[in-house]
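Comments concern the structure below.
Sequential numbering from 1 along the given sequence is applied to the chain's residues. Numbering of ligands and ligand atoms starts at 1, following listing order. All values derive from a computational prediction rather than experimental measurement.
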Amino acid sequence: MGSGSGGNALVVECGRTRLMMDCGFGVADTEARLEKAGLSPSDLAGIVVTHEHGDHLGGVAAFSLHHSIRVYLTRGTAQWLAPTHPAQLVCPIDPHSAFEVQDIRVEPFPVPHDAREPVQFVFGDGDVRLGVVTDLGCSTHHVEEKLSGCHALVVECNHDLDLLWGGNYPIGLKQRIAGRFGHLDNRTAAAMVKNLERAHLRHLIAAHLSEQNNRPALAVSALAAALGCEESWIGVASQSEGFGWREV
Ligand SMILES: [Zn+2]
Ligand SMILES: [Zn+2]
């Protein structure tokens with residue numbers, strides 16, 4: 001429903017179950033984005049959260065409270081929820097243990113990122129798997145193991161290294177973004193996807209693109225070059241619209 005440093009939210013639907021992953025938008029904005037996707041807040045069985053950065057957690061508490069929706073998050077991330085958040089709406093998760101919310105199996109996995117206990121997720125129904133990985137400074141063997149064999153992937157392509165270093169961000173911020181606990185650049189993302197077992201891969205979406213330090217065409221060409229596929233096959237999630245429904 002939207003992806004980038006201005007806010008992130010994604011909906012996964014399987015059978016009668018829908019989960020929202022992250023919510024970096026205000027209540028009214030999230031409701032409007034859900035409506036665009038043909039959904040209302042009462043359609044959601046829960047919100048799974050990756051980490052505490054505002055573009056992911058910023059809208060979670062208000063939305064959870066407003067619509068009485070459960071939030072699934074690591075204990076490290078849960079520290080950023082107000083202690084007054086109703087306990088029955090908070091479901092702590094283990095970063096290495098899969099769990100089920102109705103029809104959806106959710107596999108969290110830890111990622112290198114400058115947050116307290118950040119995870120990303122693979123969603124599945126026992127048949128097909130969707131891997132979503134934004135906000136990681138580098139790939140790891142474990143990340144690649146989790147993403148291998150997925151039928152659909154949403155992968156961070158945060159920046160182009162030349163645009164980042166040539167741009168006007170303060171040097172400390174550039175170092176943070178490019179660091180091993182920052183964000184994936186286009187080429188590193190492409191190399192990571194190339195390393196995966198991809199025999200079943202049907203959808204690939206570039207996400208969390210920086211508006212300052214990246215261009216959709218650069219992310220797409222890096223991924224297409226690494227995979228040897230048509231550029232038109234690769235989707236790009238935008239800040240304002242996300243990428244619309246895909247059937248896996
Ligand atoms: Zn982010
Ligand atoms: Zn982050």
Inset, instruction - Have a look at His113 and say which of its N, O or S atoms is nearest the Zn ion (ligand 2). - result: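 Restricting His113 to its N, O and S atoms, the minimum distance to the Zn ion (ligand 2) goes to NE2.
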
Inset, instruction - Kindly assign one of parallel, tilted or perpendicular to the pair His208 and His183, based on the angle between their ring planes and the thresholds 30° and 60°. - result: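 Plane angle between 30° and 60°, so tilted.
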
Legend entry - Parallel, tilted or perpendicular: ring planes of His51 versus His53, cut at 30 and 60 degrees: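 His51 vs His53 ring planes: perpendicular.
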
Find the distance between [atom1] ([X]) and [atom2] ([Y]) and round it off to the nearest 0.5 Å.
| X | Y | atom1 | atom2 | answer |
| --- | --- | --- | --- | --- |
| Gln102 | Asp125 | CD | CG | 14.0 Å |
| Leu44 | Ile69 | CG | CD1 | 4.5 Å |
| Ser3 | Ile205 | OG | CD1 | 10.0 Å |

Legend entry - Within-2.8 Å protein N/O/S contacts of the Zn ion (ligand 1):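 Metal shell, protein only: Asp55 OD2, His56 NE2, Asp135 OD2, His208 NE2.
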
Quick one: side chains of residues 220-227, donor-acceptor pairs under 3.5 Å with protein atoms, not counting sequence neighbours, listed by atom name and distance.
| from | atom 1 | to | atom 2 | distance (Å) |
| --- | --- | --- | --- | --- |
| Ser221 | OG | Ala217 | O | 3.3 |
| Ser221 | OG | Leu218 | O | 3.3 |

